Number of protein chains: 2
Amino acid sequence: MAGTKRLTQHDIAKLAGVSQATVSLVLNGAPTALARIPQETRERVQHVIRTTGYVADPIARRMAKGLNRILGVFTYEPAFPSAQADFFTPFLLGIEEEAQAQNYDLLLLTGAGVGRERKIFADGNRLRIADGCLVLGREFDREELKRLVTGDYPFVAIGRREDAGGPVPYVGGDYANATRALVEKAWALGHEKLAYVGPSGSAESVIDRWRGFAEAITAGAELVLHLDEVGGAADETLDAIVASGATAVFFVELADAVRVEAVARARGLSVPDDFSAIVLGSHVRAERSHMQFTAFDIPREEMGRQATAMLVRRIEGDAPVEQILLTCEPVEGQTLANKRT
Amino acid sequence: MAGTKRLTQHDIAKLAGVSQATVSLVLNGAPTALARIPQETRERVQHVIRTTGYVADPIARRMAKGLNRILGVFTYEPAFPSAQADFFTPFLLGIEEEAQAQNYDLLLLTGAGVGRERKIFADGNRLRIADGCLVLGREFDREELKRLVTGDYPFVAIGRREDAGGPVPYVGGDYANATRALVEKAWALGHEKLAYVGPSGSAESVIDRWRGFAEAITAGAELVLHLDEVGGAADETLDAIVASGATAVFFVELADAVRVEAVARARGLSVPDDFSAIVLGSHVRAERSHMQFTAFDIPREEMGRQATAMLVRRIEGDAPVEQILLTCEPVEGQTLANKRT
DNA sequence: ATTAGCTGCTAATACGCATTAGCAGTCAAG
DNA sequence: CTTGACTGCTAATGCGTATTAGCAGCTAAT
């Protein structure tokens, strides 16, 4: 490994019989400056560069210029490990695509620490290696977010975020309207007694769903059951649903829907004949379940792409704070019955 | 975005009433040097650092020290886009895990260029930002590989690679022996006429499988059919298999096996009753196929982990070239029949 | 013949940090 | 009271590049 020293512009300069500054100018001088270097000299320098295979050290470049075409990606949970893999992958897909299109590389902020919880500002703030960063995760640390907002470091959140000492630039999914649309659809199909399985607080994504649900329900339908805690025994959840007389059940988590449906089937109940089930979101590998739930689609790749584009805008153009919510199209599915027929 | 200028050690120094050098020493001076700075001064500096939230610029750090705890990950194909996603993800999973354990961040080398083929040495060699890099992909550019081997930049390939101007450090899967084991198992179960569907050349991974197969077959079995081209019409492949009288067919690609089996079933033939099918490798989402093929397992995550560990060894310790082949355990499956009973 | 303007370059500096040599002061031993 | 060792720091330098100011030589215009 210890071997040939890395070539520098100085070496090239000596070989070409010019100064280091000239080499730098030949490589990437402004047109006005380049105009003052005759073709002949330029070719001499280029030739040396080509034959030696010299490439500028990006670190030094960044040192001098202040930018290095790297985007940081910070995830509050490890990006790949199995459980999460399906959650982050679609985002990363879009991010990588757009980063490539914009000619940026990606720095996955990983090291934050084994076992300990991940913090953006934890260690030597390796973040600053990147020109800006994307932040993703189900729940954000509000203190850190505040610090980001107040600071002068370009970043974009994936997923809507409440103001934190100022507006947060983000690209999110419009869960509220998507949820509302599903509620209204259920109402249109004759469902008047509704149940909601999932929390209504904490993370923005959860709040938005509940808000969309709550706003739509004032239109006439009735909320006959709201189970806040998730992941509880599917048995009990089903009991509660049956007891409530709900005809349509809205699940925040696909997993809950899957378990409840399984238990229902085991008891001889049928979805959607005995009650309809609607899932508020799409989940990768949903196809594993043999049942196609009525739901809405979260355009994760597109969110990644747009967030990346927004970040680049902020880095390069000093653009103002933007907040984008992407439409989540409904997914037909087979679990929402028509009560009117 | 335009806002407070980034803090530097100089600012801290002024605030604490010391020199920049002292700040640097307090932050990360060698014990011997630290011993010469009294507790009181150290605390004063630390206090300023804490209250201002200063963090050292990693770029400048790297500039001065030469290392920055970043590992590059170069993929010859885009890492996430759907088709490839399942191929790279398991590797990345292992890589991220180990990188985190070793406290390194990951730089995904992306930007190489839209549309054009990806080259390690393409652009401004952004590679050098990282302290070393992992290279993955089905097929490598041999010229580039040679340049890497000859150069003094630490790297590790994932997957076995032939010498390229010198031995290539890698962590791969032992496909040859895994293949041999499956052939011998088939032989032990009474299969004497074998078919091989898949290429025998080009990429190392393909060569190894064929080598393992060819070596095992000398033991007595007979190769009655070798279809080199893959992805051909499954119909014709099946015709050839049937005509050859082979009792066990080895597939390099799972996809081929799946298609052939489907066509066979459509014709009223059964795997493994009419002929056995063995797949030389494991594939993510293999579970999608309802048939569990007899195969061997490729420990992709472990490969990622070990490659990362090896790379860190090379970066930090100037370790010699290592070449590791991980054992690929056989997967029982239901497609290899016993002919002896 | 002076000036103005152009050409073809180079010297010098900044970027933020790590590191080394060494300075000024104190204190104890000889 | 000189020497040496030790303490508590700082000045200076280098890392490899980008960038700006400007120098020397020449030509053409006044």
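Because only heavy atoms are used, hydrogens play no part in the values below, and waters and symmetry mates are left out as well, while side chains stay in. Keep in mind the model is a prediction, meaning the values are calculated, not measured. Numbers restart at 1 for each chain; the letters A, B, ... are given by sequence-line order, proteins then strands.
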Next on the checklist: Quick one, B:E43 with B:Q39, criterion side-chain hydrogen bond (donor to acceptor under 3.5 Å, both in side chains). Give me CA distance, side-chain angles, the key distance, then yes/no.
Outcome noted: CA-CA 6 Å; B:E43 270 169 10; B:Q39 186 70 13; 3.1 Å; yes
Nearest whole Å is fine: how far is [N] [atom2] from [X] [atom1]?
X     : N      : atom1 : atom2 : answer
A:L34 : D:dA18 : CG    : P     : 12 Å
B:L25 : D:dC9  : CG    : C1'   : 9 Å
B:I12 : C:dG16 : CD1   : C1'   : 12 Å
A:M63 : C:dC17 : CE    : P     : 8 Å
B:I49 : C:dC17 : CD1   : C1'   : 13 Å
B:R42 : D:dG8  : CZ    : P     : 10 Å
A:D57 : D:dG14 : CG    : P     : 18 Å
A:H10 : D:dG16 : NE2   : C1'   : 11 Å

Next on the checklist: Need to verify one output field. Residue with the more 5' nearest nucleotide on DNA chain C, B:K65 or B:R36?
Outcome noted: B:K65
Next on the checklist: Go nucleotide by nucleotide along DNA chain C from the 5' end; which of B:A60 and B:A21 gets its closest nucleotide reached first?
Outcome noted: B:A60
Next on the checklist: Students often get this wrong, so: under 4.0 angstrom with heavy atoms, is B:V23 touching a base, only sugar-phosphate, or nothing?
Outcome noted: nothing
Checklist entry - With a 4.0 Å cut-off on heavy atoms, is B:T8 in touch with a base, just the backbone sugar-phosphate, or nothing at all? => result sugar-phosphate
Item to check | Where B:A99 and B:L71 come nearest, the two heavy atoms and their spacing | outcome: CB-CD1, 4.5 Å
Next on the checklist: Is any side-chain heavy atom of B:L27 closer than 4.5 Å to one of B:Q9?
Outcome noted: yes
Checklist entry - Side chains of A:F91 and A:E301: does their closest heavy-atom pair fall under 4.5 Å? => result no
Give a yes/no on whether any side-chain N or O of [X] is located under 4.0 angstrom from OP1 or OP2 of [N].
X     : N      : result
B:Y54 : C:dG16 : no
B:T41 : D:dC9  : yes
A:T22 : C:dC9  : no
B:R61 : C:dG16 : no

Next on the checklist: Which is more 5' along DNA chain D, the nucleotide nearest A:S24 or the one nearest B:S19? Just name the residue.
Outcome noted: B:S19
Item to check | Geometric cation-pi criterion B:R69 and B:Y104, 6.0 Å radius, 45° cone | outcome: yes
Item to check | Distance-only donor-acceptor test, A:Q20 side-chain atoms vs C:dA11 base atoms, 3.5 Å | outcome: no
Checklist outcome for this item: Considering only heavy side-chain atoms of A:Q9, the closest of D:dA18, C:dG16, C:dC17 is D:dA18
